[in-house]
Amino acid sequence: MTKNSIRNPEVASASAFPNCRISRRVLLEASALATVGASLFNASGNPAFAARGTGSSTLDTFTLAQDIDPETLNPTKVARTQSRNVYATMFDALIHRDPELVLQPALAESWGWVTDTSLELKLRSGVKFHDGSDFTGDDVKYTIEQAMLPESAHAGNLERISSIEVPDPLSVTITTSEADPLLIGRITDIIYIIPAAYHQEVGDEGFEQNPVGTGPFVFSEWVKGDHVTVTANPDYWDGPPAIQTVVIRSIPEATTRVSTVQSGGADLGIYVPVALVPPLQEDSSVELLIGSSPDAIYLGMAVTNEILADQRVRQAINHAIDVSAIATRLGGEDAVVIGGYILPGMIGYDPALEPYPYDPELARELLAEAGYADGFEVVFDVPDGRVPSPNDTAAIVASYLLEVGITANIQLHAFDEFADYLYQRNGKALTGLWYFHGKSSTLDPDDLVGASFHTGGRWNWGGVNNPDLDVMLDQAYAETDEEQRAALYTEIDQVIKEQAYYVPLYQLVAYYVVNPSDEWNWEPRPDELVFIADDVTVT
Amino acid sequence: MRARLVIQRFITSVLTVVAVVTVVFFISRLRGDPTTLLVGDNASAEQIDQLRQQLGYDRPLVVQYLDYVGNALRGDLGTSLWQHQPAFNLVVDRLQATASLGALALALTIVIAVPCGVLAAVYRGTVVDRLVMSIALLGQTLPTFWIGIVFILVFAVNLQWFPASGTGSWKHFILPAVTLACFSIARIARLVRSSMLDVLHRDYIRTARAKGLSQPTVVNRHAFRNALIPIVTIIGIEAGQLLSGAIITETIFAWPGLGQLMIQAISNRDFPLVQAAAIVIASMFVFVNFAVDILYMFLDPRIRYA
């Protein structure tokens with residue numbers, strides 16, 4: 001079970017490693033090369049989801065154990081992964097990503113940009129909400145408007161929408177104030193449609209007590225802090241699900257969550273921490289699955305800092321850090337070392353892009369060339385909590401830097417205070433190095449790359465101001481041909497690496513623990529979401 | 001006479017709750033307000049400011065405080081920022097889970113600790129005494145989370161006698177209640193023992209023995225009754241703690257109670273919910289102490305005529 005087994009899909013099968021306790025693996029590179037379709041026009045009248053249980057086989061109950069309870073059962077307000085797993089059972093979005101991350105029609109049968117700022121969607125007919133009412137464009141309009149309210153977590157994503165029209169019950173036209181090609185990705189699998197009339201009638205409180213959607217399952221009960229139960233919707237537009245009852249439990253303590261799966265209290269447990277992997281590998285009663293994660297850890301560098309403005313210094317820092325060692329030490333033996341900013345699974349990802357080789361000697365040379373033969377001091381801002389191993393990461397990175405003469409002064413901040421540093425609020429700003437946990441919910445490289453390196457980009461906390469790069473980014477953003485777009489982003493990634501604006505530390509790996517059964521199958525998705533109706537296939 | 005004491009105690013209790021609310025209010029705002037945590041990653045500075053204004057976090061602290069107290073007196077403890085529902089309702093929802101677990105743990109504590117403590121005192125110096133005291137020492141020194149996890153591994157994963165987490169049946173109660181009770185049993189047993197020892201050395205016990213009364217009569221009727229006063233006090237305090245939310249046990253066993261709610265509310269910077277939970281927990285604790293004080297008055301004849 002070496003790291004090589006991940007990089008070479010051909011050898012990663014169970015039979016090649018008979019002693020391997022991990023009997024099933026998601027082939028990270030294979031799924032990585034799948035394209036994230038950002039197709040202009042996707043016209044298809046047929047649902048194209050992964051196979052549900054067809055025929056007579058059904059499963060009585062499926063239990064998923066996650067770490068936190070949904071905050072609310074109203075999907076227009078929040079966007080956390082764990083909550084989305086629950087929403088996916090009771091609601092549908094307009095567009096859905098299948099396990100290969102290809103966009104598929106859901107409540108929208110087809111969609112496309114008719115002008116730069118006008119997105120038209122044709123809706124599926126004959127869909128009914130759980131209360132029997134018909135699904136129409138008015139519900140889409142209402143839902144999006146709800147999601148644009150200031151207290152909703154979606155508001156930022158939908159900022160550029162200026163109006164929504166419903167020319168006929170099965171069409172919706174969304175107009176944006178400026179070109180926003182990523183809008184499609186931002187409403188996929190996140191904006192779950194709620195019934196306008198029902199919500200207006202019962203209000204937020206009533207909706208919490210009894211949520212109604214169009215989804216494959218109908219709400220049954222929510223014992224707060226414990227579990228949500230849903231039951232099969234026999235009238236679901238894509239056919240009734242093969243699972244009768246789904247229970248989604250919330251178990252915050254990781255060891256307990258894993259023990260619950262081991263003792264049969266749950267079928268699938270997500271968010272298994274790296275520390276628990278070795279004992280689980282020994283346990284033959286459960287199966288450990290590995291999936292890739294859209295999250296990665298980076299070391300950011302503020303180019304507004306006089307010293308860090310010098311490219312040689314930044315490159316020196318890259319050479320000073322042994323990212324393979326960090327990846328293995330912090331992410332576990334399956335962690336993926338990344339050479340660029342774009343992650344496997346996103347278009348433009350280039351597996352050939354290697355990180356800077358670990359070479360402290362070269363680092364010292366570069367520093368001397370830049371005039372810092374005696375090293376220098378720099379601030380290192382780190383968020384304390386809500387991100388993977390910030391303290392350990394910071395300490396390890398700082399010790400590598402110390403070897404080449406750079407003294408990184410670690411400053412731990414509570415998460416919300418750290419946000420002040422990122423967004424330059426309350427007089428705070430990033431002035432040196434910082435720990436960055438990159439999460440892309442749309443899996444589009446512009447979300448990460450454009451936001452982080454375009455002048456004025458909303459994640460450009462380092463103050464990168466590179467006009468040539470801006471031109472390349474603008475071009476890639478507007479490019480409609482997929483292959484061209486991928487090529488452009490690959491080029492951009494290389495430029496970013498050359499400029500050494502940051503150090504990619506490692507991509508996280510998602511571990512899942514499963515109570516193996518003859519009755520069902522499930523494979524992890526690269527976006528870490530769990531779509532029970534679609535992806536749990538009943539055998 | 002007694003009535004005055006009762007009223008005095010009641011006023012002190014209310015003032016204690018008010019003090020708790022005030023302290024929690026101001027301390028939770030020391031690190032700033034939760035607006036940044038409520039919005040998505042892509043929110044702009046304007047959107048954050050707009051939300052801050054909307055929620056009223058841009059007003060001076062004292063104004064926010066008075067506003068809060070005014071609402072609280074009308075029964076409105078605010079709306080949870082994290083769950084978008086009335087905070088008071090959310091707390092009350094979880095109250096039953098915590099109270100039922102606490103009650104079972106308390107029952108276990110009384111049923112196990114009191115007899116053990118008495119036996120250890122009566123048979124002081126013997127094997128019984130040493131055994132009880134050693135186990136009590138373990139119970140107090142082993143961390144609760146460790147005990148909980150070990151119980152889960154042994155009884156849920158290996159033996160599969162009980163479920164590892166959650167609620168639903170009587171079986172779900174056992175492991176968390178025993179885990180929660182461990183510390184209490186240990187502590188109460190030791191206190192019962194010392195209280196009994198203290199009484200057993202009194203002159204009136206010697207008199208009772210000299211009168212020829214049998215050992216059980218001496219122990220039960222004379223010694224135990226007198227030892228009861230400090231024991232009831234201690235059990236009362238323990239009850240307050242058990243009933244008001246066992247954070248660690250609830251988190252380990254995914255028990256949907258107040259303790260877990262409090263922790264999640266704090267990490268989400270959900271001020272209204274943290275305050276509501278603090279008020280309810282403090283009130284419960286204070287009420288139990290108040291009840292113990294009243295009980296004390298009836299138990300201890302010396303107070304009756306104070």
Side-chain angles (χ1 to χ4, degrees), chain A residues 65 67-72 74 77-79 150-159 186 204-205 208 223-227 247 249-253 255-266 283 285 385-386 414-420 422-426 439 441 447 451 458-459, chain B residues 31-45 47-51 53-55 80-86 89-90 93-94 97 145 148-149 152-153 155-160 162-168 248 250-257 260-261 263-264 267-270:
Chain A
D67 59 342
I68 57 178
D69 222 25
E71 304 100 310
T72 165
N74 183 338
K77 295 197 197 280
V78 297
E151 68 266 12
S152 160
H154 306 291
N157 274 340
L158 305 173
E159 220 178 6
R186 294 209 198 100
D204 277 341
E205 263 194 58
E208 286 291 324
V223 176
K224 292 224 185 134
D226 196 50
H227 67 273
V247 180
R249 300 182 56 179
S250 72
I251 305 174
E253 179 58 41
T255 44
T256 310
R257 189 160 63 249
V258 167
S259 297
T260 305
V261 175
Q262 284 175 308
S263 62
D283 185 348
S285 67
R386 282 178 154 221
F415 193 77
D416 49 350
E417 205 190 318
F418 185 71
D420 280 346
L422 292 178
Y423 294 103
Q424 299 190 7
R425 296 191 287 246
N426 296 332
K439 282 176 85 79
S441 52
D447 241 4
R458 65 175 183 276
W459 288 352
Chain B
R31 299 305 299 282
D33 70 61
T35 321
T36 42
L37 286 180
L38 292 173
V39 295
D41 284 340
N42 297 329
S44 64
Q47 281 176 319
I48 294 178
D49 278 332
Q50 194 191 352
L51 186 60
Q53 262 187 355
Q54 200 179 332
L55 295 174
S80 161
L81 300 170
W82 156 43
Q83 294 197 33
H84 311 279
Q85 293 192 24
N89 295 359
L90 289 173
D93 274 343
R94 302 287 191 109
F145 66 81
I149 293 179
I152 292 178
L153 287 178
F155 295 106
V157 177
N158 280 338
L159 295 173
Q160 305 227 348
F162 301 105
S165 58
T167 51
I248 293 175
E250 285 184 15
T251 305
I252 300 272
F253 288 95
W255 189 262
Q260 231 198 78
L261 183 69
I263 288 287
Q264 286 167 346
S267 72
N268 284 315
R269 295 270 191 284
D270 189 351

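In what follows, chains carry the letters A, B, and so on, assigned in the order in which the sequence lines appear, proteins first and then strands, with residues in each chain numbered from 1.
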Requested in this report: May I ask you to check whether B/Q85 and A/E208 show a side-chain donor-acceptor distance below 3.5 Å?
Outcome: yes
Report task. Just give me the residue among B/S165, B/G257, B/A164, B/A254 that pairs up with chain A most often, heavy atom to heavy atom, under 4.5 Å. Result -> B/S165
Query - A/D204, part contacting chain B, at a heavy-atom distance under 4.5 Å - result: neither
Query raised in the report: Given a strict heavy-atom distance threshold of 4.5 Å, which part of B/I252 is in contact with chain A: side chain, backbone, both, or neither?
Result: both
Query raised in the report: Got a sec, which residues hit side-chain contact (heavy atoms from CB on, under 4.5 Å) with B/Q54, two or more places apart in sequence or on another chain?
Result: A/P150, A/E151, B/L51
Report task. Answer with side chain, backbone, both or neither: which region of B/L90 has an atom nearer than 4.5 Å to a non-hydrogen atom of chain A? Result -> side chain
Query raised in the report: Is it the side chain or the backbone of B/L153 that comes within 4.5 Å of chain A heavy atoms, both, or neither?
Result: side chain
Report task. Quick one: which of B/T251, B/N89, B/D93 has the most heavy-atom pairs under 4.5 Å with chain A, could you say? Result -> B/T251
Report task. Sort A/S285 into side chain, backbone, both or neither according to what part of it lies under 4.5 angstrom from a heavy atom of chain B. Result -> neither
Query - Pairwise side-chain contact, A/R257 with A/P252, heavy-atom cut-off 4.5 Å (strictly under) - result: no
Query raised in the report: For A/A451, which residues count as a side-chain contact (heavy atoms from CB on, under 4.5 Å) partner, sequence neighbours excluded?
Result: A/R458, A/W459
Report summary line: Among B/Q50, B/Q264, B/R94, the residue with the most heavy-atom pairs under 4.5 Å to chain A is B/R94
**Report entry** Proximity breakdown for A/Q262 and chain B, heavy-atom pairs closer than 4.5 Å
**Finding:** both
